[in-house]
Protein chains: 2
Amino acid sequence: MAVSERGPRERMVFSAAQLIRRDGVASTGMREVAAHAEAPRGSLQHYFPDGKEQLVNEAVGWAGRYAGKRVARFLAALPEPTPSGLFAEMVRQWSDEYEAAGFAGGCPVAAATVDCAESTASTREAASAAFSTWNGSVARALVDMGVPKGRAEALATLMISTLEGAILVARAERDVRALTTVSRELGPLLDAAVTEVG
Amino acid sequence: MAVSERGPRERMVFSAAQLIRRDGVASTGMREVAAHAEAPRGSLQHYFPDGKEQLVNEAVGWAGRYAGKRVARFLAALPEPTPSGLFAEMVRQWSDEYEAAGFAGGCPVAAATVDCAESTASTREAASAAFSTWNGSVARALVDMGVPKGRAEALATLMISTLEGAILVARAERDVRALTTVSRELGPLLDAAVTEVG
DNA sequence: CGACTACTATGACCGCTGTCATAGTCACAG
DNA sequence: CTGTGACTATGACAGCGGTCATAGTAGTCG
């Protein structure tokens, strides 16, 4: 974790995302974020004058953009891109992390949704935007593989929903079983969407 | 919400589940639970001597058993039980609630996992047990429909993961789109598991 | 009656939270 | 030098969190 790179502001956003994904929004303190980012406490009110809400929203936005960009990298890593291959990569990112580093963290967007959907409108909107960004990336990738546009949007939603749920179950069970299972079971359905046209 | 029925202890567990699913574990106060259950504050330490942790764990356990029992009721409501029909009912429970009462609440087990998986071991175990109970119910139903046992377990995990994720996305977007989408897209795959054998 | 248990009722405590106020440092412009 | 902006550094504050201590009531058993 190259925390020392980049400016203190970005470090704090990044640290916030990390801590939120581990402990949830409510249990993550501002002081804790500053300490984790090795940033001065006073910088919090300087860079984030709207307080915790602003910091959390930026962390969620960052996570959404990160997930979107990952899709492109997954595609590049695949010898020949297929929907099931993409989904397997998306899932593998998580199972790899869990097996290598333990089940400490989940998805920060999910955490923000659970903790803030009803209490903090702006954060709910940030989470919605994050899912939308991510969904767009995945759908675009599917279209490039030959899936019709409307169907691609639907399958992207299915992939993201299933992945999010499997992350949740895996973390509760401290076992990657759910992740490997959904990857295996969903694969054929996804590939069928491209072959059925050709 | 027939809160006044049953004893105060059960009411508090029930109220805890309701508040947790709306605001998350960390943002739900003990005093708030007592007030919501119209129970005396002093009863908290009487019925739950191990404090919040115990109350949360019981709420999670209650939710798991509730979800398990719902499966049987869904089956009874179906003219002829099919995997896709069961999944559609499970999803519909949520989309109906969201359309009728708004997007205030998510799944309490998901909330407990997000907020406590890393911080509170016993709650993580309770969540794991809840998922296991639920998974068992769904898998058993699939077996009764003619799905081979091993496959039934896997499909149950897929159904639950997908549903949990779709709940999350729907709540963030304040739109049942994700729910209806996954129900439609996953249906054929689920039914294929029973017909492919016969 | 007394005793004992189940449950209720409050008040106090400490720790932590997000936020604000104030003052300080530092680099650089005029 | 003065000043001006960006950033840092603390201290204080009010509010709320879960928990403990203590005392009270109600009902029941012996």
Side-chain angles (χ1 to χ4, degrees), chain A residues 3-20 22-60 108 111-112 114-116 118-123 126, chain B residues 3-20 22-60 108 111-112 114-116 118-123 126:
Chain A
V3 153
S4 49
E5 311 303 326
R6 303 171 229 276
R9 205 197 123 99
E10 191 173 350
R11 284 209 317 273
M12 282 191 277
V13 172
F14 182 72
S15 288
Q18 281 191 274
L19 295 175
I20 286 170
R22 195 186 62 189
D23 297 322
V25 172
S27 303
T28 298
M30 300 283 275
R31 292 167 171 81
E32 196 184 355
V33 171
H36 184 273
E38 295 178 87
R41 218 188 81 192
S43 299
L44 281 170
Q45 72 180 281
H46 182 72
Y47 291 115
F48 308 96
D50 289 343
K52 185 175 187 177
E53 190 172 333
Q54 180 184 3
L55 177 58
V56 170
N57 294 355
E58 294 202 21
V60 170
V114 163
D115 274 3
C116 308
E118 189 60 15
S119 61
T120 317
S122 70
T123 303
Chain B
V3 154
S4 49
E5 311 303 327
R6 303 171 228 274
R9 205 197 124 99
E10 192 174 349
R11 286 209 315 274
M12 283 191 278
V13 173
F14 183 71
S15 288
Q18 281 191 276
L19 295 175
I20 286 170
R22 195 186 64 188
D23 298 321
V25 171
S27 303
T28 297
M30 298 283 276
R31 292 166 170 83
E32 195 184 355
V33 171
H36 184 274
E38 297 178 85
R41 217 189 78 189
S43 299
L44 282 170
Q45 75 180 277
H46 183 72
Y47 291 115
F48 308 97
D50 288 343
K52 186 175 188 176
E53 189 172 333
Q54 181 184 3
L55 176 59
V56 169
N57 293 355
E58 294 203 20
V60 170
V114 163
D115 275 3
C116 308
E118 189 60 14
S119 62
T120 317
S122 70
T123 303

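Just so it is clear, the model here is predicted, and its values are computed rather than measured. Residue numbers begin at 1 in each chain, while the letters A, B, ... track the order of the sequences.
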Let me know the distance between [atom1] of [X] and [atom2] of [N], rounded to the nearest Å.
| X | N | atom1 | atom2 | answer |
| --- | --- | --- | --- | --- |
| B:H46 | C:dT5 | NE2 | C1' | 9 Å |
| B:D115 | D:dG18 | CG | C1' | 16 Å |
| B:F48 | C:dT8 | CZ | P | 11 Å |

Return the set of residues passing side chain to side chain contact (heavy atoms under 4.5 Å, CB included) with B:A59 (not counting sequence neighbours), or none when no residue passes.
-> B:V13, B:A16, B:A17, B:I20

Along nucleotides 13-23 of chain C, 5' to 3', which nucleotides get a B, which get an S, and which get a -, given that the test is a protein heavy-atom distance under 4.0 Å?
-> -----BBBB--

Taking side chain to side chain donor-acceptor pair (under 3.5 Å) as the test, write out the residues that go with [X], two or more places apart.
| X | value |
| --- | --- |
| B:D115 | none |
| A:R9 | A:E58 |
| A:S119 | none |

Apply side-chain hydrogen bond (donor to acceptor under 3.5 Å, both in side chains) to A:E53 and A:S122, showing your working.
-> CA-CA 8 Å; A:E53 190 172 333; A:S122 70; 2.5 Å; yes

What is the distance from atom OG of B:S27 to atom CD of A:E118, rounded to the nearest 0.5 Å?
-> 12.0 Å

Out of A:E32, A:H36, A:E38, A:E10, which residue meets the side-chain hydrogen bond (donor to acceptor under 3.5 Å, both in side chains) rule with A:S15?
->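 Of all the options given, the one that passes is A:H36.
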
At what angle, to 10 degrees, do the two end axes of the helix from C:dG15-D:dC16 to C:dG30-D:dC1 meet, given five pairs define each axis?
->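 For the helix from C:dG15-D:dC16 to C:dG30-D:dC1, the axes at opposite ends meet at about 20°.
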
Can you see which heavy atom on A:Y47 is nearest to which on A:Q54, and at what distance?
-> O-NE2, 3.9 Å

